[in-house]
Structure formats: C-alpha cells, structure tokens
Amino acid sequence: MSNSFQLDGAEVPFEPGDTLMQAARRAGHYVPHLCWHERLGQSGACRVCTVEVTDAKGHVRKAAACTTRAAPGDRVANRTPERDADRRLLLQMLFVEGNHFCPSCEKSGNCLLQATAYEMGMLGPQFEEFYPHRPVDASHPTMWLDLNRCILCKLCVRASHEVDGKDVFAIGGHGIGAHLIVNSPTGKLGDSSFAEGDFAASVCPVGAILPKRRGFVVPIGQRRFDKAPVSEE
Ligand code: SF4
C-alpha cells in the first residue's frame, strides 16, 4: 500500500524520501514557491512554500514544504487564508528589499515573483521601500546581471553547480548585505565561464539574469503568466 498525506483535504501519494513539495507537484497540486525547482536540490531560502503540518499524532507545526519529508497521515494546510496571508507578507518584503519596478522590467509577465504576488492577491506595498543601488553587471557579451532584482533564491547557484558543473555563482555577505557573487578573477560575469546556454542562464525566476538585446519580444497577452495563473501551470 502506498503512503499518502492530505493536502487541503486531497489525498496525495508519496514515495519514500519525497518532500511534501515533490509529492504535491507530482500529483498536480500547486504549492506556492520561488526557490524550488524540480531539477535542483533543496534550498528552503524563500519560505513562500511554508505550510501547516498536523502529523499523525496531532502535533502541529509550520514547515517549508520543499525541505520537509512527507509522512503517512500528515494533514497539510496549504492554500488557506492564513498561509496565503503570510505569503503576501514575505512577497511584500521581497518587493521592497529590491527594485522591483515591474512596468519597466522586461521579465514582467514571465516573472515568478510577480505571478506569485498576483496569485496571493498582493496589492500595494505595505512596507517602506529600500531602493538599493547595486551596480548592473553588463560585462558579459550576451547576458547581464541586475542584482537590484535578485531575491537570493540561489537557483542560479544550484543550477551552475549541480547541472552546469561550473560554480559560476555563490552567495556572499550576511543579513541585509547578502548578495550574489560571481566566481571570476574580477568578480565580473564577463570574466567567468558563464555561457548563455547554461541552465543557470535560464533558471532565474525574476529579472536578475537576462539575455542582452532580447527584451520585450513576447507581446502582452502571450507572456507566460498572461496565459494561465501560476497556480494552474
Ligand atoms: S540571480 Fe536570479 S536565480 Fe540567482 S539568486 Fe538572484 S534571483 Fe535567484
């Protein structure tokens, strides 16, 4: 008999070792997330996938679905008003920490941060904006890096390490000073082994790593999240 847990009342089967996220995604359920990717290892950086788990003994705890192993008989609250309200707060914090001016960002309509904010019903910012001044790195011939939009999800770090085998990216600094760093003699992308065909070049969920000279090519109405909300992908 296969193992299963309940996700918002729906029975979800899982394989031994599965996280709640893996099993839920395989069964076609949406658990909001930014730093999880099915091809990459766990991170637990963004906390947007936080759910409330009631285990078989009745113990209740909050847990990141992407790093928590599924257990038989778990009852998991995912898309409840409380969980989505917490997610709205996390998203608003991400929006004010960077410069996420969607109307002038070519990732608009294809951005997981923006789409998740729409999904959670985020309206105006509730916190004061930080307005950071982080230099744009345009040293690479075909790609550029805008750290004012980076949400420190580490997807590019993991993609470069696990898939590309290059370790082009890492996270440096602490607290509010944490930032993406490029492993090259100058710290510039153009002096690294980064290539446009790398998985790390296409995995960024926001507009921080983008190809040069290819902005705004998809008409409004045909962009990724114009077609279907993130919860229905
Ligand atoms: S550059 Fe993009 S993929 Fe890399 S950590 Fe920042 S947001 Fe994530």
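Whatever order the structure lists ligands and atoms in, that order sets their numbers, starting from 1. In this chain, numbering begins with 1 at the start of the sequence shown.
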Inset, instruction - Evaluate the criterion side chain to side chain contact (heavy atoms under 4.5 Å, CB included) for residue pair Y30 and E232; output intermediate values, then yes/no. - result: CA-CA 7 Å; Y30 170 65; E232 293 176 18; over 6 Å; no
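Residues D191 and T186 bring a donor and an acceptor atom of their side chains to less than 3.5 Å of each other.
Note on atom 4 (Fe) of ligand 1: protein N/O/S atoms under 2.8 Å are C156 SG.
Under a 4.0 Å criterion applied to the non-hydrogen atoms of V206, ligand 1 contributes the atoms 7 (S). Taking a cut-off of under 4.0 Å to the non-hydrogen atoms of P205, the atoms of ligand 1 that pass are 3 (S).
Across all non-hydrogen atoms, the minimal contact from T19 to A65 is CB-O, 3.6 Å.
A perpendicular orientation is assigned to the rings of F194 and F169, their planes being inclined by more than 60° (bins at 30° and 60°).
W36 has its side chain out of reach of V31: every pair of non-hydrogen atoms, C-beta onward, lies at least 4.5 Å apart.
Panel note: side chain K212, backbone H140; a donor-acceptor pair is recorded below 3.5 Å. In this structure, the side chain of R83 does not engage the main chain of V48 through any donor-acceptor pair within 3.5 Å.
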